[in-house]
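Heavy-atom basis, side chains included; hydrogens, waters and symmetry copies ignored. Numbers restart at 1 for each chain; the letters A, B, ... are given by sequence-line order, proteins then strands.
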Amino acid sequence: MSQRCQRVIHWFRKGLRLHDNPALIEACKDASELYPVFVLDPWFVTNANVGANRWRFLAQTLDDLDKKLQLLNLRLFVVRGNPETELEKLCKKWKITKLTYEVDTEPYAVARDERVGVTMDNLGVSVTTSISHTLYDVHRIVKINGGKAPLTYQSFQTAASRLGPPEQALSSPTVQDLQGCRTPISDTHNKEFGVPTLEDLGVCMTDLGPNLYPGGETEALERMERHLKKVNWICSFEKPKTEPNSLLPSTTVLSPYLKFGCLSSRLFYHKLVNVYKGKKHSQPPVSLMGQVLWREFYYTVAAVTPNFDKMKGNPVCKQIPWQENMDYLNAWKEGRTGYPFIDAVMIQLRREGWIHHLARHAVACFLTRGDLWISWEEGQKEFEKLLLDADWSLNAGNWMWLSASAFFHQYFRVYSPVAFGKKTDPNGDFIRNYIPALKKFPAKYIFEPWKAPTTMQQTAGCIIGKDYPKPIVDHDIVRQQNIQKMAAAYAKSKSSNPDTNKDNIKDLSSKSSKKRQPDDADNGPLKKKKKS
DNA sequence: AGAGCGGTTGGAGCA
DNA sequence: GTGCTCCAACCGCTC
């Protein structure tokens, strides 16, 4: 048993959980005093686009975390301000000797953590980090893939499989683990360090929707276990066969919990392995396990691709001459494109903070290459704001996928804003739920109400063009035009600078492998030749 | 080294 | 409900 001689801050950022939290376990190991800290970074308040529903999710998550820490005789300290300066202040105040946190691969976090590292160095505080947000050290996957970001799921899977299964998830720390360790709590703790209320966060209450997916580790684990009990459902799960427009979610909705780290992806991974054991089950990429790997795929590419959330300067992103159109963009955001399925999904997004993956496909295709020809970055920003599960790597990656800017290239496959939703909801109940104005339209016309005869519109109590908008574009026409524009953009990128992307990726990989050389020394230098 | 293969989730029409 | 073809032909990866 190690001696309790350290005064430790465990810095919660993502990883807002006690289970499978190796950095927290590391903090508990030899601490005489342990301070769990969450820093409310003003960067996120001003730069990151956080809508009301996600603020609520975060507040609930922090509240749950504080309650769980209290069961261990600890408390959460929420501080506001720049992490670098706030942590420095706290380290001095509490005479901290050690800082622990979970690795975050997002560029903002990497830069931030580097600055914090320098500050800690100057203070003589030792820093211990652990990888537990992703299944693997994503840089190891890149290295196995020849130092390049994998651009297909298959090449990702091949590389990842060579690492074997991810490590087992750790248990939460127990009261026994913390014997001899304390957190000094002042009388003014709640006032000084309490979990912020929505008022504190400046959340506009009228923007809040129904609380369908409450935040927190407790809720995350319950939700996971609820789904794991449905063994047949788990084993036969195929993502493309789930419904984008059912009134209740047809998938697990674990994504918000994985985004904040209320749930460990490794725990979910191994729970799935256990359910699958000895049974016939679906396979990646369509299986539930496949979904966990998709998350890892995007985290991997995003970690080593510069400007991953932009088109310009992004070596994996096709350069496409998108056009600005505020009228179209606002109509899309506000759910008044005149295409009921698209609008209903956008209204659900704004209200509830979660929409089905395939619904995201339909509205993303519509905004970009399908209909409105607006940059995927605009859609990315809106999703970033409104989705509870808005996850930087996945959001950017999926927007590039849907706009056929990266990963997916069959741009001639276009989702129909009319036909796609009909397949799984022929009666249009989803539309009726989110757009009451259309409630009385017969099923035959509810996906394209402008085609209903005027008398029928009168009977339904909804005149198209007055009570509900006419379609802002004619899908059949713009679809054709946009496919041609895509073909032209693809041809241009092929002829003008066919090797630009590859060169950028190579530059990048040599940079990152140089940087990581001490770590990688045991595996020898990268070899160019595959076969000898 | 360039042809062939496969790619989570398109739509329409037809058997 | 399922599965084929056509539409026109993309890309990255493999051998």
Please check the phosphate of dC13(C) (OP1 and OP2 only) for any side-chain N or O of Lys148(A) closer than 4.0 Å. no
Looking only at atom C1', what distance separates dC5(B) and dA9(C), rounded to whole Å? 14 Å
Both distances under 3.5 Å, Watson-Crick or G-U wobble: report the partner of dT8(B), or none. none
Side-chain contact test, heavy atoms from C-beta onward, threshold under 4.5 Å: evaluate it for Pro417(A) versus Phe341(A) and give yes or no. no
For dT8(B), is there a stacking contact with Trp294(A), counting only centres under 5.5 Å and planes under 30°? yes
Round to a whole Å and report the spacing from CH2 of Trp401(A) to P of dG10(B). 10 Å
Of all the nucleotides listed (dC11(C), dG6(B), dT9(B)), which has the minimum atom distance to the side chain of Gln154(A)? dG6(B)
Given dA12(B), dA9(C), dT8(B), identify the nucleotide with an atom nearest to the side chain of Gln291(A). dT8(B)
What is the separation between atom OH on Tyr415(A) and atom P on dG10(B), rounded to the nearest whole Å? 5 Å
In this structure, how many angstroms lie between the P atom of dA9(C) and the CZ atom of Arg369(A), rounded? 16 Å
Flag the pair Glu384(A) and Lys381(A) as a salt bridge only when some basic side-chain nitrogen lies within less than 4.0 angstrom of an acidic carboxylate oxygen. no
dA9(C) -> Watson-Crick or G-U wobble partner, both distances under 3.5 Å, gives none
On DNA chain C, compare the nucleotides closest to Arg479(A) and Ala491(A); which residue's is nearer the 5' end? Arg479(A)
What's the gap between dG6(B) and dT5(C) when it is taken at their P atoms, as a whole Å value? 15 Å
Could you tell me whether the phosphate oxygens of dA9(C), OP1 or OP2, come under 4.0 Å of any side-chain nitrogen or oxygen in Gln410(A)? no
Interatomic distance, Met486(A) CE vs dA8(C) P [rounded to whole Å]: 18 Å
Nearest whole Å is fine: how far is dT9(B) C1' from Tyr153(A) OH? 14 Å
For the side chain of Lys239(A), starting at C-beta, report the closest nucleotide among dA12(B), dC10(C), dT9(B). dT9(B)
Single hit among Trp401(A), Phe407(A), Phe156(A) for ring-ring contact (aromatic ring centres under 6.0 Å, His included) with Trp294(A): Trp401(A)
Regarding Ser130(A) and Ser132(A), do their side chains bring together a donor and an acceptor under 3.5 Å, going by distance alone? no
Specify the separation, in whole Å, of atom CD1 of Ile483(A) and atom P of dA9(C). 10 Å
Regarding Val286(A), tell me which of base, sugar-phosphate or nothing describes its non-hydrogen contacts under 4.0 Å with the strands shown. base
Rounded off to whole Å, could you give me the CZ-to-P distance for the Phe412(A) and dG11(B) pair? 14 Å
What's the closest nucleotide to the side chain of Pro285(A) if the choices are dT8(B), dC10(C), dC13(C)? dT8(B)
Glu334(A) with Arg350(A): basic N within carboxylate O range, under 4.0 Å: no
I want to confirm an ordering. Mapping Tyr490(A) and Arg413(A) to their closest nucleotides on DNA chain C, which one lands closer to the 5' end? Arg413(A)
Could you check whether Phe420(A) gets within reach of a base, just the sugar-phosphate, or nothing at all, counting any heavy atom under 4.0 Å? sugar-phosphate
Rounded distance in Å between the P positions of dC4(C) and dT9(B): 15 Å
By salt bridge (charged side-chain N to carboxylate O under 4.0 Å, His left out), Arg223(A) pairs with (sequence neighbours left out) none
Report which part of the nucleic acid Lys422(A) touches: base, sugar-phosphate, or nothing (heavy-atom distance under 4.0 Å, all strands). nothing
I want to check one thing: is the phosphate of dC10(C), taken as OP1 and OP2, less than 4.0 Å away from some side-chain N or O of Lys318(A)? no
Nearest-angstrom distance, C1' atom, dA1(B) to dT14(C): 12 Å
Watson-Crick or G-U wobble partner for dA15(B), using a 3.5 Å limit on both distances? dT2(C)
Is Arg266(A) salt-bridged to Glu296(A), going by a charged N under 4.0 Å from an acidic O? no
For dG10(B) and Ser416(A) - does any side-chain N or O of the residue sit under 4.0 Å from the phosphate oxygens OP1/OP2? no
Which of the following nucleotides, dC10(C), dC13(C), dG10(B), is nearest to the side chain of Lys494(A)? dC10(C)
Distance, rounded to the nearest Å, where Ile320(A) contributes CD1 and dC11(C) contributes P: 11 Å
